[in-house]
Number of protein chains: 2
Amino acid sequence: MQEYIEIFKALSDETRLRILNLLHSAQTALCVCEFTDALEIPQYNVSRHLKILRNAGLITVRKEGRWVYFSLSTSSDSFYQAILEAIKHIPSTLLLKDHKEIDKRLNVRIDGKCLLGIQKKHLQGKSKPIPTTGGLTK
Amino acid sequence: MQEYIEIFKALSDETRLRILNLLHSAQTALCVCEFTDALEIPQYNVSRHLKILRNAGLITVRKEGRWVYFSLSTSSDSFYQAILEAIKHIPSTLLLKDHKEIDKRLNVRIDGKCLLGIQKKHLQGKSKPIPTTGGLTK
DNA sequence: TGTATAGTTGCGCTACCATGCAACTATTGT
DNA sequence: ACAATAGTTGCATGGTAGCGCAACTATACA
């Protein structure tokens with residue numbers, strides 16, 4: 001029973017619902033930096049939410065070098081299929097900006113791969129060197 | 001988007017999942033005391049969880065005098081239908097005791113109505129006179 | 001080997017949530 | 001009118017979850 005509760009808890013967050021919707025609408029695996037730019041949420045939080053979804057069995061992971069691609073699970077489990085169906089019925093009008101932003105990112109893929117990293121640099125973790133014109137550094 | 005999150009949050013609790021499963025398997029409206037006996041959870045907590053489910057639009061209420069009967073929503077909304085489908089796919093083997101206990105309660109209904117109140121008296125609120133052989137009273 | 005990049009995780013803080021207890025309200029029966 | 005019963009809710013407590021910050025790890029490039 002706890003695994004079902006864990007799945008519902010994984011779905012009880014706006015960011016995670018947006019992530020699942022992006023995966024559904026994009027129809028392709030996405031990496032953390034694509035989610036980061038599309039959702040406009042800091043990379044470390046995107047990573048966290050992806051981990052929660054993975055632990056709940058809702059998404060799967062494919063690593064390519066240092067890139068990690070996330071996809072909707074392809075499980076045929078009836079419960080999971082019904083959950084996926086429910087998510088598909090969340091009106092896409094609520095996620096227009098997400099869809100628009102992910103399309104932008106997918107348009108700059110090369111050979112179906114992400115090569116740009118995070119474009120919206122303010123969403124990277126602070127320990128990364130953020131290119132600035134002068135200003136404070138740690 | 002918040003309404004979908006609220007629904008998933010309503011589903012993120014074991015007691016509320018058991019309540020929905022009881023309503024699904026019983027195929028009839030149930031009252032608080034029937035839930036209380038079947039789930040073996042204090043009446044005031046059953047009442048609380050029922051309120052959360054009602055606020056999320058997952059169940060509906062019918063009052064008959066001082067009795068309140070709760071039913072699964074009959075909404076035709078696609079999202080809701082998919083959620084209900086998911087709940088139906090939670091293995092009933094996980095809820096055998098609940099099913100057995102609710103059958104007991106339904107068997108003592110008269111004309112389809114609950115007339116007994118809570119049978120497991122330790123689950124009533126403490127401010128009620130609990131029949132005891134001696135012992136402390138407030 | 002050192003640097004850069006993609007991604008992950010620990011810590012502390014704040015807000016949220018479930019529960020127990022007790023008091024409460026609404027309705028009905030005496 | 002009072003008592004009983006079904007059901008609801010306020011308060012306090014403890015546990016859970018999301019976030020910001022910063023440090024970290026894994027992998028690839030120079």
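Keep in mind it's a predicted model, so treat the numbers as computed, not measured. Within every chain, numbering begins at 1; the chains are lettered A, B, ... in the order of the sequence lines, protein sequences first and strands thereafter.
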Open item on the list: Using a heavy-atom cut-off of 4.0 Å across all strands, would you classify A:K51 as base, sugar-phosphate, or nothing?
Closed with: sugar-phosphate
- [ ] Kindly point out which of D:dG18, C:dA18, D:dG7 is positioned nearest to the side chain of B:R16?
- [x] C:dA18
- [ ] Using whole Å, report how far OH of B:Y69 lies from C1' of C:dT27.
- [x] 14 Å
Task: Length of the CG-C1' vector between A:N55 and C:dT8, whole Å - done: 13 Å
TODO: Please state how far atom CG in B:D13 lies from atom P in D:dA17, giving the value in whole angstrom units.
DONE: 12 Å
Open item on the list: How many whole angstroms separate atom CD1 of A:I52 from atom C1' of D:dG18?
Closed with: 8 Å
Task: Residue whose nearest DNA chain C nucleotide is more 5′ - A:G117 or A:Y44 - done: A:G117
Task: Cationic N near anionic O, under 4.0 Å, B:E6 to B:K9 - done: no
Open item on the list: At 10 degrees resolution, what angle do the end axes of the helix from C:dT1-D:dA30 to C:dT30-D:dA1 form when each is taken over five base pairs?
Closed with: 10°
Open item on the list: Within this structure, what is the OG1-CG distance for the pair B:T74 and B:D77, rounded to the nearest 0.5 Å?
Closed with: 11.5 Å
Open item on the list: Measuring from the side chain of A:R66 (C-beta onward, heavy atoms only), which nucleotide among C:dA18, C:dA4, C:dT8 has the closest atom?
Closed with: C:dA4
Open item on the list: What is the separation between atom CG on A:L123 and atom P on D:dG20, rounded to the nearest whole Å?
Closed with: 10 Å
Open item on the list: With no hydrogens and no angle check, just 3.5 Å: does a side-chain donor-acceptor pair link A:R18 and A:N21?
Closed with: no
Task: Side-chain ion pair, A:E101 and A:K120, N-O less than 4.0 Å - done: yes
Open item on the list: Suppose we call two aromatic rings close when their centres sit under 6.0 Å apart. Are B:F8 and B:F79 close by that rule?
Closed with: yes
- [ ] Between A:T15 and A:G65, just flag the one whose closest nucleotide in DNA chain D comes earlier from the 5' side.
- [x] A:T15
Open item on the list: Test your reading of the model: is there a side-chain donor-acceptor pair from B:Y69 to the backbone of B:C114, 3.5 Å cut-off?
Closed with: yes
Open item on the list: Counting only side-chain nitrogens and oxygens, does B:N45 get under 4.0 Å of the OP1 or OP2 atom of C:dG20?
Closed with: yes
- [ ] Any chance you could lay out the side-chain contact (heavy atoms from CB on, under 4.5 Å) test for A:V61 and A:K63, step after step, and finish with the verdict?
- [x] CA-CA 7 Å; A:V61 169; A:K63 294 183 179 181; 4.1 Å; yes
TODO: Determine: side-chain N/O of B:H49 to OP1/OP2 of C:dT19, distance under 4.0 Å, yes or no.
DONE: yes
Task: Residue whose closest nucleotide on DNA chain C lies nearer the 5' end, A:L50 versus B:S12 - done: A:L50
Open item on the list: Check this one for me: any side-chain N or O of A:K63 less than 4.0 Å away from OP1 or OP2 of D:dT27?
Closed with: no
Open item on the list: Need one value for A:L115: base, sugar-phosphate or nothing, where a base atom within 4.0 Å counts as base even if backbone is also close, heavy atoms only.
Closed with: nothing
Task: Distance, rounded to the nearest Å, where A:K121 contributes NZ and C:dA6 contributes C1' - done: 11 Å
Open item on the list: If I take atom CD in residue A:Q2 and atom P in nucleotide D:dT16, what distance separates them, rounded to the nearest angstrom?
Closed with: 12 Å
Open item on the list: In whole Å, I'd like the distance from the CH2 atom of B:W67 to the C1' atom of C:dG29.
Closed with: 13 Å
Task: Phosphate OP1/OP2 of C:dG7 contacted by A:S47 side-chain N/O (<4.0 Å) - done: no
TODO: Decide yes or no, distance alone: a donor-acceptor N/O pair under 3.5 angstrom between the base of C:dG20 and the side-chain of B:R48.
DONE: yes
Open item on the list: Between the side chains of B:E14 and B:R16, is the shortest nitrogen-to-carboxylate-oxygen separation below 4.0 Å, so that they form an ion pair?
Closed with: no
